[in-house]
Each structure stands twice: as structure tokens, then as C-alpha cells.
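Worksheet: one structure, shown below.
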Amino acid sequence: MKLEVNNLSFKYLNSCVIFEQVNFELEKGQILSILGPNGAGKSTLLNCIGNLITPQEGKIRLNGEEVDKMSPKKVAQRIGYVPQIHVPTYEYTVREFVVMGRTPYLGKMRSPGDADYEQVERALDMVGIKHLVEKPYTQISGGERQLVTIARAIVQEPDFILLDEPTAHLDFGNQIKTMRLVKKLAENGFGIIMTTHNPDQVFYTGGFVALLDRQGRLHCGVPEDILTEPSLTQLYQERVCVFYSDELKRRVCISGI
Ligand SMILES: Nc1ncnc2c1ncn2[C@@H]1O[C@H](COP(=O)(O)OP(=O)(O)OP(=O)(O)O)[C@@H](O)[C@H]1O
């Protein structure tokens with residue numbers, strides 16, 4: 001299963017262009033991390049890929065099929081989306097919230113069955129929050145909510161999962177655990193597209209990386225080529241240091257303060 005993004009351009013009504021001529025492709029089991037300054041357009045790009053908003057130009061295809069011509073149900077079977085902030089509207093328990101990920105597979109008027117709930121338990125176990133299963137979704141923390149939303153995307157069994165800043169609300173330990181989880185999801189065959197503000201996470205997860213600059217251009221490649229001291233310093237307008245750690249056996253990125 002291949003996701004292709006061709007010549008994508010987007011602007012909001014009455015705004016300047018957010019990004020232009022964006023091109024990349026990704027296979028199931030691969031990771032693409034998107035970095036860029038605040039307001040560059042990373043979430044907007046994810047929303048286009050998830051078919052939540054329509055680009056003015058360009059196409060997104062899944063195995064050659066145009067996403068905007070697919071039914072919402074079929075898109076939901078192929079692409080899972082974990083937004084940056086999820087505002088709860090009703091006191092669902094975590095179990096009830098996560099099982100909603102099974103909706104694209106349920107027939108009209110059919111309720112989830114034992115097998116669906118077993119998937120929920122497995123997904124909560126995988127993200128490390130099985131103990132929250134009975135808790136109301138409105139009574140868990142922002143970070144826990146993010147993990148619950150990842151569990152919902154897992155039970156959706158999509159080919160690709162879009163993660164918008166999956167570590168945004170997480171403490172340092174949970175950020176590390178989530179990056180380990182992202183790698184595990186890719187090893188389990190999910191294609192992952194995630195946005196992040198931490199270049200070091202990309203050296204850990206590996207895969208591909210894309211920098212979205214302030215001019216709306218996307219520069220894609222492997223971390224070793226794309227995440228260099230000059231490119232990151234230019235992107236963030238602050239000194240950034242990149243070096244090889246013998247202990248970690250990978251490159252490391254830290255602020256150059
Ligand atoms: N619904 C909207 N209507 C008009 N402009 C919008 C809308 N949503 C976002 N924008 C603008 O589009 C630009 C890109 O926003 P977006 O949220 O995609 O950036 P981002 O790179 O994800 O930012 P951050 O890192 O801060 O989350 C910003 O200037 C933002 O103000």
C-alpha cells in the first residue's frame with residue numbers, strides 16, 4: 001500500500017499560500033516525520049492528507065486511488081488521524097471512546113461485539129494505559145487523552161496513521177515511550193506520518209523526514225541529509241547542534257544555547 005502526495009498546494013480563504021508543490025510518497029511500515037516552525041502549516045498538511053480539508057491543487061492517492069473520490073468509510077479504513085487536541089464532548093469511558101475506532105467496520109445499526117472490545121483491550125495494552133479503561137474520557141489528563149486517541153487509531157486498523165504532535169502534552173518519560181510506540185507501530189506495518197517540534201525524535205525513529213519552511217516548501221529525505229546543523233539553524237533561526245553519540249550509536253540533536 002503506497003500513499004502518494006503530488007503537487008499539493010493549499011491556502012485558507014483570505015490567507016496567503018500555506019504550502020506549495022508538496023511531493024512525497026510513503027509505504028506501509030515507513031515513518032515520515034514533518035518538522036517546521038509554529039504556523040508553518042504542518043497540521044494543515046496532515047488535514048489535507050486525511051481528506052479533512054481540500055487542497056486547491058494536487059492529489060493524494062492510495063495505491064493509485066484518489067483519496068477525495070473515496071467514501072468517508074473507506075478513507076477511515078485506510079487512514080487514521082490523531083489530532084493535536086481532542087476536546088471531549090461527552091462522558092464516554094475510555095473503552096467506549098476507543099471502540100469508536102471500529103465504526104468503519106460495523107454495519108448500519110450494528111453495535112461493537114466481543115472481538116471489537118478485545119481489540120480495544122489490546123490497543124490500550126500496547127499504548128500502556130490499560131488501567132484507564134473504565135475512566136470517563138473527560139476525567140483523564142491531556143497526555144492520557146493523546147494516548148487514548150492513539151489507541152482509537154490502532155483499532156481502526158488503517159494502513160496509515162497521521163499523528164499531529166503526538167508528544168505535545170506528554171512528560172519526558174512518556175515522550176520517550178511514545179517514540180518507542182511509533183517505531184513499534186511502523187514495525188507492525190502501519191505507515192506513520194507525524195509532526196514534531198523535536199528533531200532528536202527523528203534521529204531516534206529513523207525513516208524519512210520533511211522540513212516545512214516558512215515559504216511553504218517541503219524538503220524531504222533521510223535525517224542524515226536533511227537534519228544538518230545549518231538547515232535546522234536556518235529553519236528555527238536559533239543555533240542547533242547535531243553530533244554523533246558513540247553511546248547511543250545515532251546522531252543527537254540539542255539546542256546550541
Ligand atoms: N482554519 C483556518 N483558517 C485560516 N487560517 C488558518 C486556519 N487554521 C490555521 N490557519 C493558519 O494557517 C497557518 C498554518 O497553521 P497550522 O496549524 O497548519 O501550522 P502548524 O505548522 O501546524 O503550527 P504549530 O506548529 O504551531 O502547530 C497558520 O498561520 C495559521 O494561523
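Every number for a ligand or one of its atoms is a count from 1 in the order of the listing. Quick caveat: nothing in here was measured; it's all calculated off a predicted structure.
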Between Asp164 and Lys42, does any side-chain N to carboxylate O distance fall below 4.0 Å?
no
Looking at Tyr204, does the NZ or CZ of Lys183 lie under 6.0 angstrom from its six-membered ring centre and within 45 degrees of the ring axis?
yes
Under 4.0 Å from ligand 1, residues with heavy atoms, in chain and number order, are Tyr12, Ile18, Pro37, Asn38, Gly39, Ala40, Gly41, Lys42, Ser43, Thr44, Gln84, Glu165, His197
Within the 6.0 Å centroid threshold, strictly below: Tyr137 and Tyr92
no
Do the side chains of Thr54 and Cys48 get nearer than 4.5 Å, heavy atoms only?
no
Taking Glu20 first and then Lys11, would you say they form a salt bridge - that is, a charged N and a carboxylate O separated by under 4.0 Å?
no
Judged by atom type as modelled, is there a donor-acceptor pair below 3.5 Å linking the side chain of Arg102 to the main-chain atoms of Pro112?
no
